[in-house]
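Presented below is the structure to which this report refers.
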Amino acid sequence: MADGETSLLRIENLTISFGHGADRLRAVRSLNLEVGNREIHALVGESGAGKSVTARAIPGLLPETALLESGSIRYRDTELTALDRDGLRAIRGARIGMVFQDPGRHLNPSLRVGRQVSEALEEHLGLSRGAARARALRLVKLVELADARRVLRSYPHELSGGMKQRALIAMAISCAPGLLIADEPTTALDATVQGQILRLLKRLRSQLDMGILFVSHDFGVVQAVADHVSVIYAGGIVESAPADRLFDRPLHPYTDLLISAIPEADKRGGRLRSVPGRAPDPRAVPPGCPFHPRCPLAREVCRHVPPPLVEHAPGHLSACHFAAELPGGRDA
Ligand code: SF4
């Protein structure tokens, strides 16, 4: 978050587990994250790193098998972990919007798109049917869906993947939320549509004055959209910094490898699986620094002592014992 910006979302010391006893799996470990007003904050990590669990914990969408062991999630002045089911339902949609990877799964196949957009407006804003319909039309135009009236009359299966995602974004922003959670919103789309959706999200952020938590496994996409980046590994943040600074001067070997993995000719498609080795099984996270089995800089201390997340420059945090030896550390 940039200096002087107010916090929109503040997550502190969040730990979430699944299962019991010997089978307990900690998906998120003492995680801290802050999203500023009008900021696009990317949470980036490999599959299973805990990014989607974190994203779903915010609006209370974790499965019943999840246990919130500790931590605080504050949206503006509201402590979300203290809300009951009804309180969370009131927050969802009205103050926190959500967009997911597979828009087809999150649209009702048996309802016309227009009805689905209008329903949220009637429920959260108490609009009449006519007023909701008029506002739905404006929203569909706002997300740049051509032939808006036809789209509103359509069923989801009559729309392309990109159109469905735009319709889902229209629903997510229908009540002008302060925060939009976008969980892998472009993963299922081809590169051209992906670029269009990223540009749309950036424009909506400014136009609607909202912050976006952008969850992705794709560092190339993150580079195209984020103001601030937090890198998650084995359930914890290992580096967090303003995007320009992180890409120029990474302070964690994992981030450094991820940046190297983005193809030079085409920055898109720099998938995190390019990093050598495998992400740890959440049931058996290595002691010390969880990245040590894959880290080219690992030394003996890394096998035993977990590195704390330390601020090396304003807004630039890294959890690495040897951050100062990385290119970004020499002038941090
Ligand atoms: Fe690598 Fe050690 Fe830094 Fe972990 S603490 S990232 S193992 S150098």
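One-based numbering, in listed order, for ligands and for the atoms of each. Numbering of residues begins at 1 and proceeds along the displayed sequence.
Here the rule is side chain to side chain contact (heavy atoms under 4.5 Å, CB included) with Y75, and of L83, I11, I96 only I96 fits it.
Looking at R115 and E122, a side-chain N of the basic residue comes within less than 4.0 Å of a carboxylate O on the acidic one, giving a salt bridge. Under the 4.0 Å criterion applied to side-chain N and carboxylate O atoms, R199 and E144 are not assigned as salt-bridge partners.
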Side chains of residues 48-62: which donor-acceptor partners sit under 3.5 Å, not counting sequence neighbours?
from : atom 1 : to   : atom 2 : distance (Å)
K51  : NZ     : G45  : O      : 3.1
K51  : NZ     : E46  : O      : 3.2
S52  : OG     : D183 : OD1    : 3.2
S52  : OG     : D183 : OD2    : 3.0
T54  : OG1    : G50  : O      : 2.8

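For S17 and E69, the side-chain atoms include at least one donor-acceptor pair closer than 3.5 Å.
The shortest non-hydrogen separation linking C320 to L251 is CB-O, 4.1 Å.
Around atom 3 (Fe) of ligand 1, the protein contributes the following N, O or S atoms under 2.8 Å, ordered by chain and number: C320 SG.
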